[in-house]
Number of protein chains: 2
Amino acid sequence: MKSHHPQPLSRVSVNMARHHEVLISLRRIIRATDMYSRHLSKVAGLTAPQLLVMQSIAQRGEMAMGQIADEVSLSQATITTILDRLEKRELIVRLRGSTDKRRVYARLTADGMALLEKAPTPLQEEFIDRFAELDDWEQSLIVSSLQRVAAMMNAGDIDASPVLDLGAMDRAQPTVELSERRARQSEAAAPAPPYPEATRK
Amino acid sequence: MKSHHPQPLSRVSVNMARHHEVLISLRRIIRATDMYSRHLSKVAGLTAPQLLVMQSIAQRGEMAMGQIADEVSLSQATITTILDRLEKRELIVRLRGSTDKRRVYARLTADGMALLEKAPTPLQEEFIDRFAELDDWEQSLIVSSLQRVAAMMNAGDIDASPVLDLGAMDRAQPTVELSERRARQSEAAAPAPPYPEATRK
DNA sequence: AGATATTGCTTTGACATCTAACATTTCGAA
DNA sequence: TTCGAAATGTTAGATGTCAAAGCAATATCT
């Protein structure tokens with residue numbers, strides 16, 4: 001901000017407007033997300049969180065409740081209810097851990113995989129298209145901003161990056177760390193452990 | 001796409017990672033928002049949407065369901081259920097329009113105003129503080145990005161600004177148009193029409 | 001070993017949300 | 001004027017969401 005104009009009086013009101021803008025935008029984004037989820041439900045038979053969860057499971061072949069929760073940023077309780085519905089529709093099965101019987105693993109059924117194949121992305125196609133059309137720097141800017149907001153809202157969860165790192169935008173790395181960093185119990189992050197320990201419930 | 005580095009092969013994967021990052025960040029933001037709402041509920045007795053709605057009403061003195069819905073970006077049905085709860089707790093009252101009997105206006109009660117006085121902001125204090133500490137240009141960048149994302153997700157709702165307008169960041173205007181633009185029935189946007197037509201239900 | 005703490009998941013209870021179907025009212029046109 | 005279309009709200013039904021309380025199993029400490 002070159003700010004040749006100190007804006008002596010409007011300072012406060014401008015700031016108010018600023019974070020109010022943030023609030024408004026967030027509300028809209030949340031709403032759009034919700035509405036797209038319902039749209040997905042109509043055309044694909046899966047809501048966004050259901051799709052997210054299934055993709056997560058598909059990626060690893062088999063996952064425990066807690067792992068899924070971490071990966072999709074939802075509480076375990078929520079994962080339970082989502083899986084309840086998916087299980088009822090026989091899109092996934094639950095398997096009780098054999099060595100550690102507290103754990104419950106979820107696995108896709110054939111039906112589940114089939115449905116997942118045909119399902120759209122969990123993010124509006126429209127958004128993806130438009131996003132893809134942006135210049136690299138714009139995309140980076142947006143991603144950085146969102147991460148920044150997420151970090152600022154997540155209180156204690158910040159572990160660095162106190163400033164928007166503009167220089168990073170040219171390094172154009174896939175930036176997977178954020179997701180990885182989330183995997184608390186880690187499990188050594190094996191690409192896709194075929195079939196861990198687990199037996200039919 | 002200027003991209004000094006063509007990144008011949010990683011192009012696709014980078015893009016995937018990019019919008020996937022968006023998805024992850026959004027999930028986190030949504031979650032943080034939700035969790036803060038619950039926190040609010042504990043400490044202030046009002047959830048975020050309840051607070052939003054009440055502030056909205058307080059600002060104008062009296063508002064119809066539809067107006068509120070537009071202002072806080074929620075469906076009318078949602079407003080109805082939120083107001084049901086607020087009314088049950090006697091924080092607001094509903095008034096039927098006298099000239100147009102289809103309309104229903106909401107007004108704060110003394111209790112409602114009192115509670116609203118003591119309530120925190122609908123956005124995490126922490127977020128606001130940290131946000132306020134950022135440089136002007138950073139704030140603008142974030143606000144612009146969020147608005148951009150919201151616009152890209154809202155499909156048909158775009159009415160211009162096909163490119164992130166960096167130049168705008170220097171003009172530092174309060175930027176209220178977005179909220180205004182939403183007010184479809186407009187009502188001529190009177191600052192605070194004392195007490196429109198409405199009688200006790 | 002035995003008691004206690006911790007971990008992993010499910011249940012319960014309360015909100016928030018949306019769409020679709022209704023009920024009322026108002027408005028416009030024939 | 002009368003009738004159908006449009007506008008405004010509410011109801012019904014389905015998900016999603018989380019915190020807190022429960023349960024069961026494992027880990028840890030003495």
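Letters A, B, ... mirror the listed sequences (proteins, then strands); counts begin at 1. Note that the structure is a prediction, hence the values are computed from the model and not measured.
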Cut-off 3.5 Å, no hydrogens considered: what does the side-chain donor-acceptor table look like for residues 113-123 of chain A, sequence neighbours left out?
from: Thr121(A); atom 1: OG1; to: Leu123(A); atom 2: O; distance (Å): 2.5

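- For the pair Gln50(A) (side chain) and Thr47(A) (backbone), a donor-acceptor distance under 3.5 Å is present.
- Remark: P of dT17(C) and CZ of Arg28(A) are 15 Å apart, rounded to the nearest angstrom.
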Handout entry: Nucleic acid footprint by protein, nucleotides 21-27 of chain D - heavy-atom cut-off 4.0 Å, B for base, S for sugar-phosphate alone
Key = ----BS-
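- Residues meeting the side chain to side chain contact (heavy atoms under 4.5 Å, CB included) test with Asp129(A), sequence neighbours left out: none.
- Every side chain to side chain contact (heavy atoms under 4.5 Å, CB included) that Asp111(B) has, sequence neighbours left out, goes to Leu91(B), Thr109(B).
- Using a 4.0 Å heavy-atom criterion, one finds that Arg89(A) contacts no nucleic acid atom at all.
- Contacts with DNA chain C (heavy atom under 4.0 Å) in residues 76-86 of chain A: Gln76(A), Ala77(A), Thr80(A), listed by number.
- Sorted by first and then second residue, the pairs that involve residues 35-45 of chain A and meet side-chain hydrogen bond (donor to acceptor under 3.5 Å, both in side chains), not counting sequence neighbours, are Asp34(A)-Arg38(A).
- One can place CG of Leu95(A) at 16 Å from C1' of dG8(C), the figure rounded to the nearest angstrom.
- Residues meeting the side-chain hydrogen bond (donor to acceptor under 3.5 Å, both in side chains) test with Thr78(A), sequence neighbours left out: Ser75(A).
- If you measure from atom NZ of Lys88(A) to atom P of dA14(D), you get 11 Å, rounded to the nearest angstrom.
- Taking the salt bridge (Lys or Arg N to Asp or Glu O under 4.0 Å) definition, one finds that Arg102(A) meets it with Asp100(A), sequence neighbours left out.
- In this structure, Thr80(B) and Val104(B) have side chains that are not in contact, with every pair of non-hydrogen atoms separated by 4.5 Å or more.
- Residues of residues 40-56 of chain B having a heavy atom closer than 4.0 Å to DNA chain D: none are found.
- Distance, Asp70(A) CG to dC9(C) C1': 14 Å, rounded to whole Å.
- Distance Met35(A) CE to dA14(D) C1': 17 Å, rounded to the nearest Å.
- Not counting sequence neighbours, the partners of Met35(A) by the side chain to side chain contact (heavy atoms under 4.5 Å, CB included) test are Arg31(A).
- Remark: Arg103(A) is not in phosphate contact with dT10(C), judged by side-chain N or O atoms under 4.0 Å from OP1 or OP2.
- Residue pairs meeting the salt bridge (charged side-chain N to carboxylate O under 4.0 Å, His left out) criterion with at least one partner in residues 44-59 of chain B, sequence neighbours excluded, are absent.
- If you measure from atom CD1 of Ile92(A) to atom P of dC9(C), you get 13 Å, rounded to the nearest angstrom.
- When the side-chain nitrogen and oxygen atoms of Arg96(A) are compared with OP1 and OP2 of dT10(C), none of them lie within a distance under 4.0 Å.
- For the pair His39(A) NE2 and dA14(D) C1', the computed distance is 18 Å after rounding to whole Å.
- The side chain of Arg38(A) lies closest to dT19(C) when the candidates are dA19(D), dT19(C), dT8(D).
- Ile30(B) meets the side chain to side chain contact (heavy atoms under 4.5 Å, CB included) test with Ile30(A), Thr33(A); sequence neighbours excluded.
- One interatomic measurement links the two molecules: CG of Asp34(A) to C1' of dG16(D), which rounds to 8 Å at whole-angstrom precision.
- Between Ile142(B) and Trp137(B), every side-chain heavy-atom pair lies at or beyond the 4.5 Å cut-off.
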